[in-house]
Amino acid sequence: MDTSGSFNSITRLFFHFLLIICFSSHLETIKLCLGDGNLNVKCIETEREALLVFKQGLTDPSGRLSSWKGEDCCKWNGIKCNNSTGHVTNLNLRNPYPLINGGVGDQAAYESSCLGGKITPALLHLQYLSYLDMSFNDFRGAQIPEFFGGFKDLRYLNLSFSSFGGDIPSQLGNLSLLHYIDLYADSYSNTGSWELRADNLHWLSGLSSLKYLDMGYVKLKGVGTDWLEAVNMLPSLVELNLHYCELQGLPQSLPSVNFTSLSVLDLSDNSFNSAIPQWLYNLTSLTRLYLVWNFFNGPFPSEFARLKSLEVLDLSNNLDFGGQIPRFFGNFSKLKFLDLSANSLTGEVNEFLGGLEEIPNNSLVSLDLSSNSLSGELPESLEALKNLQKLELSGNSFWGSIPKSIGKLSSLKELDLSYNNMNGTIPDSFGQLSKLVDVNLIANSWEGILTETHLMNLKSLEDIRLVTDPARSLVFNVSQKWVPPFRLKSIQLENCLVGPFFPVWLQVQYELTSVTLRNVGITDTIPTEWFLKLSSQITWLVLSNNQIKGKFPNQLKSPNLRHIDLSSNRFEGPFPIWSTNASEIYLQDNLFSGSIPENIGGLMPRLEKLHLSSNHLTGTIPSSFCDLKGLQVISLRSNQLSGELPNCWSHQLMFWAIDVSNNSLTGSIPSSFGSLSSLSVLLLSNNNLSGEIPSSLKNCSGLTSIDLRGNKVSGSLSSWIGERFASLFMLQLSSNSFNGPILQQLCNLQNLHILDLSENKFSGAIPKCIGNLTGMVNGKNSEVFLQLLMVALKGKTFEYSRISAAVNGIDLSGNNLTGGIPDELINLHALRVLNLSRNQLSGKITEKIGELQDLESLDLSHNHLSGPIPQSLASLNSLVQLNLSYNNLEGKIPEGLQKFNDPSVFVGNPSLCGVPLPNKCPEDHRF
């Protein structure tokens, strides 16, 4: 889990709070808490009137300013006055709506709590104003008023998250007493996107007292490198945040560094694309430094060793940092948070840890070295990091076992070793991590045995993810009745042995919201009591690739469930009736029977993907599927469904795949499919569908895969198939009753990789333009389309393999085609499969056929081809299947084809001779 962003936000707000406390302690006129002071002094009349004029210009949908009435403005909400003079000193209009984890909970409630409208110059009458906070409101792109520069006594200015736009007024540079300014430009409002910008920052030089400057998300692309010169004029600056400002220029040196009081510097998410500048190492007061996503490059700078006060260092996601992790990090006695993730660091981690060992009371709390190129075994010296709470080493090339010393990291709360090459064991000492909350060990090759000892003291554990290579052996050898000390919220176990039963240590986990137990060897039935207790809270459920048997609990109410995967088990009984908001349901490869609920659209209103293939479902396909506006994929392949396909499709804007192959469906292809503009995959094979392809289908211009094999569809091919489907990858129409010629328009299908028109009644010649099928010339993009099909065919490995084997293939067999084989076919250099058998083709096989260097299967049998077998055919090393039988070929079989030693490959050609046929060639009789 990446916590750098939230940590930055928290620390920024904490610093904000400290500054407020500082002002309160030194300036009697600044009080931050509503309701204190102002007991005996009434406000100045001119200032009261100014506030009322200001109020009239604002929008206030929630009535936050309803207390602004009566004679004494010092008692109004958000107003503070000087106890002696009665002058307004504080104007605090910060939106009080509570933020949840740094974000908005109820967007509508937040927006109604925002002030907006126009900020009138009447505020200038508040000449003694020292504190102004208008943050977290929504001024919808209005410019920051220039007259704000007239508040000569202002110490604190916060306009953050209020949707101000346009240019920052240079008049703000007149606020020479200002200590704090926050112009953070990002807004929680979804009513618009307003760009706050500045072409230069020269005005900053007038803020000689400034301690805190936050201009996060302000667009500073046009300031060049001058921004640094302006910042260097602020000797009192303690915290600077220029996060995501589109800065591109970063000078490598400065004549002198004046802002050496800087403690916090955030330049993350800009585009500097250079080495880290030398002047930065003079900022020896830095405690927190964030340089994330800046494309810094070169070897890792040793000069960082000069920043001995650092507590937080985040250099993640620069990508071009290279070299090994330096040992000098041992000099950072105060370092608590270190993030070097997503760079190009190499080498082993031992040297780095060796430097940390030299610090007797190492204070490192968080270490993130993920997504680098680090390798080697994790060393026992990890125990030096005694205060470590977070250790992220994912996405490297570490191997071996987890060191036994891991148990001495007594403060560890988060451990992430995912996506490495770990191929050893998990030690018993792992069970000593009593404060461990979150552990991620996925995408490794663990082996060995896990017992109660590995788990017995993990009393704080909430989230565990453990995925190993299926070829390895990781076994949970835990007593069936053992009760653990932890209460999990999330569990992910894959490719390890937990079964055959649901162990008690799992059944007592009643606080789970996410469960993944994939391929863990469970052959038991689901513990009903356990599952019923989880059903109301669970959001993610995956029990796939086991042999779980029995009936799944029916009639469940799971309002929070979003993802269900019970595929590849032995579940039986009727389709489970859930009342759920799940968007993805995978029940394929089970023994479910009976009909699909007619009201499935009402039971699962947010359904997007439904996979029910390879079950024993009967009945018809419910028309209520048409009511699901968010539907994307339906896979009902290989059941016993009957009746007609619903013809009511029109509201599904995202529907891109339907697979109802291998059923007993009748009737015609629904014309309303033409309303599905996003339709990409249409798989209707092996049913009893009849009629013609509806012309409305031409509206589905994004179709990539059409499979109508094994039906009774008739008629001729329409020209729009070749004219409208520019993205078509697969066209399979075999074993139907199509007739007429193969149209030249099919040659326009530049992305076609599979063409199967076999077992129909097509007639006429093969178009010469067939050599223009660009997809089979270069073979590009085929993997992209295969992945698309794999999503639609979820769980059907053999079907996917069959389609994959036909990629870059043409099958025109079993028709009434006449004429010769077009020489243009040799242009299809990526062609792997060519089947023209059982037609009326004549003429010779072109000698250039040997140019099809990728050809694996060639069937020209049962035609009227004549002449010799081309010698070039023998040069095709890739050829593994060949059938030239029952033609009029003549002469000697080329010697290179003798690897096909089955006579049936050449039988039925009376004038053909040579091995493997029994009849010898005339020249062979001379010897």
| Taking all atoms of both residues into account, what is the closest heavy-atom pair of Ser675 and Trp649, and its distance? | CB-O, 3.4 Å
| query | After noting the C-alpha distance and the side-chain angles of Val520 and Asn546, does the key distance pass the side-chain contact (heavy atoms from CB on, under 4.5 Å) rule? | reply | CA-CA 6 Å; Val520 295; Asn546 290 287; 3.4 Å; yes
| Residues which pass side chain to side chain donor-acceptor pair (under 3.5 Å) with Asn751, listed by chain and number, not counting sequence neighbours | none
| task | Using atom types as modelled and distance alone, determine if a side-chain donor or acceptor of Gln652 lies under 3.5 Å from a backbone N or O of Cys626. | result | yes
| field | Option from Asn736, Val660, Asn663, Leu684 for which side chain to side chain contact (heavy atoms under 4.5 Å, CB included) with Leu689 holds | value | Leu684
| note | Shortest non-hydrogen pair, Gln640 vs Asn615, comes out as NE2-O, 4.4 Å
| field | Side-chain (Asn688) to main-chain (Asn711) donor-acceptor, under 3.5 angstrom | value | no
| message | I'd like to know if Asp416 and Arg465 make a salt bridge, using a cut-off of under 4.0 Å between side-chain N and carboxylate O. | response | no
| Residue list, disulfide bond (SG atoms under 2.5 Å apart) with Cys747, at least two apart or on another chain | Cys769
| message | I need the full list of salt bridge (charged side-chain N to carboxylate O under 4.0 Å, His left out) pairs touching residues 524-540, with sequence neighbours left out, sorted by first then second residue. | response | Glu529-Lys533
| query | Under 3.5 Å, is there a donor-acceptor pair between the side chain of Asn835 and the main chain of Asp811? | reply | no
| remark: By side chain to side chain donor-acceptor pair (under 3.5 Å), Thr580 pairs with (sequence neighbours left out) none
| query | Near Gln750 CD, under 6.0 Å, is it more than 12 heavy atoms from other residues, nucleotides or ligands? | reply | yes
| task | Begin from the C-alpha positions of Ser544 and Arg518 and carry the test side chain to side chain donor-acceptor pair (under 3.5 Å) through to its verdict. | result | CA-CA 5 Å; Ser544 60; Arg518 190 194 310 272; 2.9 Å; yes
| field | Partners meeting side chain to side chain donor-acceptor pair (under 3.5 Å) with Trp505 (sequence neighbours left out) | value | none
| Of all pairs that satisfy salt bridge (charged side-chain N to carboxylate O under 4.0 Å, His left out), the ones with a partner from residues 651-674, not counting sequence neighbours | Arg637-Asp659
| note | Arg562 meets the salt bridge (Lys or Arg N to Asp or Glu O under 4.0 Å) criterion, sequence neighbours left out, with none
| Phe725 vs Trp720 aromatic rings, parallel, tilted or perpendicular, using cut-offs 30° and 60°? | perpendicular
| request: Any chance you could lay out the salt bridge (charged side-chain N to carboxylate O under 4.0 Å, His left out) test for Glu511 and Arg487, step after step, and finish with the verdict? | output: CA-CA 7 Å; Glu511 298 178 16; Arg487 290 296 177 263; 5.5 Å; no
| task | Mark yes or no for whether Ser678, through its side chain, and Phe655, through its backbone, hold a donor-acceptor pair below 3.5 Å. | result | yes
| Quick one: salt bridge (charged side-chain N to carboxylate O under 4.0 Å, His left out) pairs with a partner in residues 752-763, sequence neighbours left out? | Glu759-Arg838
| Of the non-hydrogen atoms in Trp446 and Arg472, which two are nearest, and what is the gap between them? | O-CB, 3.3 Å
| field | Residue from Leu566, Asp565, Ile564 passing side chain to side chain contact (heavy atoms under 4.5 Å, CB included) with Val542 | value | Asp565
| field | Option from Ile706, Val807, Leu703, Val681 for which side chain to side chain contact (heavy atoms under 4.5 Å, CB included) with Phe729 holds | value | Val807
| side-chain contact (heavy atoms from CB on, under 4.5 Å) involving Ser737 - partner list, sequence neighbours excluded | Ser714
| What pair of heavy atoms forms the shortest contact from Pro605 to Asn581, and how long is it? | CG-OD1, 4.0 Å
| said: Please give me the minimum heavy-atom distance between Leu543 and Asn569, naming the atom from each residue. | reply: O-ND2, 2.9 Å
| For residues 520-552, which residue pairs qualify under ring pair (Phe, Tyr, Trp, His ring centres under 6.0 Å), counting only residues two or more places apart or in two chains? | Phe502-Trp530, Phe531-Phe552, Trp540-His563, Phe552-Phe571, Phe552-Trp578
| task | For Gln509, enumerate each residue passing the side chain to side chain donor-acceptor pair (under 3.5 Å) test, keeping only those at least two apart in sequence or located in another chain. | result | none
| query | Looking just at side-chain N and O atoms, do Ser763 and Asn816 make a donor-acceptor pair shorter than 3.5 Å? | reply | no
| When you measure from the side chain of Ser558 to the backbone N and O of Ser535, does any donor-acceptor pair fall under 3.5 Å? | yes
| Non-neighbouring partners of Ala726 that pass side-chain contact (heavy atoms from CB on, under 4.5 Å), sequence neighbours left out | none
